[in-house]
Number of protein chains: 2
Amino acid sequence: MKEQNETQKNSKEFSDDCHKLLSSVSDALYAIGGKWKLMIIIAMARGNHRFTELQRMVNGISARVLSSELKELEMNGFIVKKVDVGYPVSIEYHLLPYSETLEEVVGALSRWGMQHREKIKNDMSTQRQTKP
Amino acid sequence: MKEQNETQKNSKEFSDDCHKLLSSVSDALYAIGGKWKLMIIIAMARGNHRFTELQRMVNGISARVLSSELKELEMNGFIVKKVDVGYPVSIEYHLLPYSETLEEVVGALSRWGMQHREKIKNDMSTQRQTKP
DNA sequence: CGGCATCCAAATAGATACTG
DNA sequence: CAGTATCTATTTGGATGCCG
């Protein structure tokens with residue numbers, strides 16, 4: 001290992017680093033990627049616990065998709081489904097502590113999303129000058 | 001506005017906050033969501049600039065998909081395509097400064113992905129005890 | 001209300017072949 | 001090398017209806 005020249009070594013380590021970075025990001029996207037999972041978790045963190053509440057809050061999601069996403073989130077340990085067998089039966093979904101580990105990701109994404117929207121807006125208004 | 005009771009007001013503001021958070025995250029996912037865009041940007045940041053380099057580095061992407069993703073990234077101002085008309089013609093893709101704004105997002109995702117992989121590993125090994 | 005089953009349409013992805 | 005074109009297979013999603 002130590003005997004290979006610096007160029008090779010640096011290149012190899014660089015490439016290894018890259019693979020590690022890629023696979024960890026890939027793992028993250030696999031678990032919480034897609035359009036809906038983070039949105040559902042955000043909505044739930046903000047006090048929406050019922051199926052229909054969630055569907056109203058998460059814009060554009062259908063019942064079928066919400067249903068299957070909730071199932072996956074439950075299987076993966078992000079949320080728990082609580083069934084209250086009163087009358088009428090009430091079903092609520094709640095975040096488990098593990099969801100809190102996503103705070104940094106959600107924060108980074110929302111900050112970036114906000115400033116990205118600004119950028120798009122500026123791009124559009126400057127473009128309008130050249131092509132009215 | 002001021003006349004509504006505190007419960008309603010707080011609930012309304014909470015809901016507004018939620019919508020803002022949801023829409024900014026949604027914007028972010030729209031721009032850099034999907035399996036590939038971030039991966040391509042990461043690989044490029046780590047020194048992969050040629051089409052085939054990128055395809056080798058980003059595991060599982062096909063030429064067709066890589067091609068279309070690169071086009072989108074270019075249109076959205078993340079990367080630039082440089083054509084060197086020497087012999088042989090060489091084509092390279094490079095990150096534009098705007099890609100650097102994604103650093104925080106990439107960092108958060110990779111940290112989360114790493115610790116998530118650990119969690120999965122532990123879950124699997126503890127589960128193996130009960131069902132060998 | 002909180003879903004599941006079914007059917008159908010649309011989007012996406014893979015394989016393969018071909019081009020300059 | 002750096003793609004494009006075409007075709008097909010698979011995934012995904014919406015709409016609808018039904019059920020407890």
Side-chain angles (χ1 to χ4, degrees), chain A residues 11 15 22 25-26 29-41 43-44 46-76 78-96, chain B residues 11 15 22 25-26 29-41 43-44 46-76 78-96:
Chain A
S11 159
S15 171
L22 283 173
V25 170
S26 174
L29 291 180
Y30 185 77
I32 55 168
K35 275 190 282 198
W36 305 120
K37 296 208 175 57
L38 278 180
M39 314 280 263
I40 293 168
I41 287 175
M44 219 176 277
R46 293 307 186 117
N48 302 280
H49 302 289
R50 311 284 295 268
F51 192 91
T52 37
E53 278 177 348
L54 289 165
Q55 197 181 358
R56 260 193 302 275
M57 192 58 70
V58 178
N59 199 304
I61 196 169
S62 71
R64 200 175 62 129
V65 173
L66 177 56
S67 170
S68 87
E69 296 284 291
L70 286 171
K71 233 170 262 173
E72 281 185 57
L73 287 172
E74 197 187 358
M75 287 196 311
N76 293 323
F78 292 107
I79 67 173
V80 64
K81 178 177 182 174
K82 290 185 178 169
V83 181
D84 177 356
V85 287
Y87 179 80
V89 172
S90 118
I91 296 169
E92 293 197 345
Y93 297 90
H94 286 265
L95 296 182
L96 289 173
Chain B
S11 159
S15 170
L22 282 174
V25 170
S26 173
L29 291 179
Y30 185 77
I32 55 169
K35 277 192 282 201
W36 305 120
K37 295 208 176 58
L38 277 181
M39 314 280 263
I40 293 168
I41 287 174
M44 219 175 277
R46 293 307 187 116
N48 301 280
H49 302 289
R50 310 286 294 269
F51 191 91
T52 38
E53 279 177 348
L54 289 165
Q55 198 181 357
R56 261 192 302 274
M57 193 60 68
V58 178
N59 200 304
I61 196 169
S62 70
R64 201 176 60 128
V65 173
L66 177 56
S67 169
S68 89
E69 296 283 290
L70 287 171
K71 236 169 260 176
E72 282 185 55
L73 288 172
E74 197 188 357
M75 286 196 311
N76 293 322
F78 293 107
I79 68 173
V80 64
K81 178 178 182 175
K82 291 183 179 170
V83 181
D84 176 356
V85 287
Y87 179 78
V89 172
S90 118
I91 296 170
E92 294 196 345
Y93 296 90
H94 286 264
L95 296 182
L96 290 173

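Since the model is a prediction, treat every value here as computed from it, not as a measurement. Just so we're on the same page: letters track the sequence lines, and every chain starts at 1.
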### Message
Taking the minimum atom-to-atom distance to the side chain of A/R50, which one of D/dT4, C/dC4, C/dC1 wins?
### Response
C/dC1

#### Entry: Per B/K81 side chain, nearest of listed nucleotides C/dC1, D/dG3, D/dA2
D/dG3

### Message
Under 4.0 Å from OP1 or OP2 of D/dG3: is there any side-chain N or O of B/S67 that close?
### Response
no

### Query
Does A/K71 make a side-chain N or O approach to OP1 or OP2 of C/dG3 shorter than 4.0 Å?
no

## Note on the structure
Scoring nucleotides 14-20 of chain C by protein non-hydrogen atoms under 4.0 Å (B base, S sugar-phosphate only, - none) yields BB-----

### A/V83 and A/K81: CA distance, side-chain angles, deciding distance, side-chain contact (heavy atoms from CB on, under 4.5 Å) verdict
CA-CA 6 Å; A/V83 181; A/K81 178 177 182 174; 4.3 Å; yes

What is the distance, rounded to the nearest whole Å, between atom [atom1] of [X] and atom [atom2] of [N]?
{"X": "B/E69", "N": "D/dG3", "atom1": "CD", "atom2": "C1'", "result": "15 Å"}
{"X": "B/E74", "N": "D/dG3", "atom1": "CD", "atom2": "P", "result": "10 Å"}
{"X": "A/I40", "N": "C/dG2", "atom1": "CD1", "atom2": "P", "result": "14 Å"}
{"X": "B/Q55", "N": "C/dA13", "atom1": "CD", "atom2": "C1'", "result": "14 Å"}
{"X": "B/L54", "N": "D/dA2", "atom1": "CG", "atom2": "C1'", "result": "12 Å"}
{"X": "A/I79", "N": "C/dG2", "atom1": "CD1", "atom2": "C1'", "result": "14 Å"}
{"X": "A/E72", "N": "C/dG3", "atom1": "CD", "atom2": "P", "result": "15 Å"}
{"X": "B/L70", "N": "D/dG3", "atom1": "CG", "atom2": "P", "result": "7 Å"}

### Task
Take B/M44 and B/L70 through the test side-chain contact (heavy atoms from CB on, under 4.5 Å) and record every step on the way to the result.
CA-CA 11 Å; B/M44 219 175 277; B/L70 287 171; 3.9 Å; yes

Close side-chain approach of [X] to [Y], heavy-atom, < 4.5 Å:
{"X": "B/M39", "Y": "A/V25", "answer": "yes"}
{"X": "A/V58", "Y": "A/W36", "answer": "yes"}
{"X": "B/I41", "Y": "B/L73", "answer": "yes"}

For [X], what residues pass the salt bridge (charged side-chain N to carboxylate O under 4.0 Å, His left out) criterion, not counting sequence neighbours?
{"X": "A/E72", "answer": "A/K37"}
{"X": "A/R50", "answer": "none"}
{"X": "A/R46", "answer": "B/D17"}

### Message
As a test of understanding, state which of A/L95, A/I61, A/I79, A/N48 forms a side chain to side chain contact (heavy atoms under 4.5 Å, CB included) with A/I40.
### Response
A/I61

### Task
Compute the angle between the rotation axes at the two ends of the helix from C/dC1-D/dG20 to C/dG20-D/dC1, each taken over five pairs, rounded to 10 degrees.
40°

### Query
Looking at B/G47 and B/E53, what are the two nearest heavy atoms and their distance?
O-OE1, 4.0 Å

### Message
Among residues 84-94 of chain A, which ones have heavy-atom contacts with DNA chain C below 4.0 Å?
### Response
A/I91, A/Y93

### Task
Please state whether the rings of A/H94 and A/H49 are parallel, tilted or perpendicular, taking 30° and 60° as the class boundaries.
parallel

### Message
Test your reading of the model: is there a side-chain donor-acceptor pair from B/D84 to the backbone of B/G86, 3.5 Å cut-off?
### Response
yes

